[in-house]
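Given the structure is predicted, the values throughout are model-derived calculations rather than measurements. Hydrogens, waters and symmetry mates play no part in the numbers below; they use all other heavy atoms, side chains included.
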Amino acid sequence: MENTNNTSKKIPYIKRTIDGRTYTVMVHFNTETKDTAKDKVKRLLKRELQNQNFAG
């Protein structure tokens, strides 16, 4: 992977092939956040449950 931001810091990425197409996704994190990954996942799951339409 080529680092195009002209710094010596390596940018992490995930590379996956799906249906014959290769996708490269750059991974970045806010170094100043107070949330943990666990906090983020819990918040995403809670929001997803709140937004679902439950047919009864």
Self-check item: For V25, side chain to side chain contact (heavy atoms under 4.5 Å, CB included) partners two or more places apart
Solution: none
Exercise. List for me each residue that meets side chain to side chain contact (heavy atoms under 4.5 Å, CB included) alongside T22, sequence neighbours excluded, and say none if there are none.
Key: K15, T17
Exercise. If you link ILVMFWY side chains whenever their heavy atoms are less than 4.5 Å apart, which other residues fall into the same cluster as L44? By chain and number, please.
Key: none
Exercise. With sequence neighbours excluded, tell me which residues meet side chain to side chain contact (heavy atoms under 4.5 Å, CB included) with K42.
Key: K38
Exercise. Start with the C-alpha distance between T36 and K40, add both sets of side-chain angles, then the distance that settles side chain to side chain contact (heavy atoms under 4.5 Å, CB included), and finish with yes or no.
Key: CA-CA 6 Å; T36 64; K40 178 73 173 177; over 6 Å; no
Practice problem: With sequence neighbours left out, write down each residue that passes side chain to side chain contact (heavy atoms under 4.5 Å, CB included) with L45, or none if nothing qualifies. | Solution: V41
Exercise. Could you note down all residue pairs passing salt bridge (charged side-chain N to carboxylate O under 4.0 Å, His left out) where residues 25-35 supplies at least one of them, sequence neighbours left out?
Key: D35-R43
Quiz item: Who else is in Y23's hydrophobic cluster (ILVMFWY, side-chain heavy atoms under 4.5 Å, direct or via others)?
Solution: I18
Quiz item: Between I14 and V27, is a side chain to side chain contact (heavy atoms under 4.5 Å, CB included) present by the stated rule, with each step listed?
Solution: CA-CA 7 Å; I14 299 170; V27 180; 3.8 Å; yes
Quiz prompt | Residues that D39 engages under salt bridge (charged side-chain N to carboxylate O under 4.0 Å, His left out), provided they are two or more places apart | solution = none
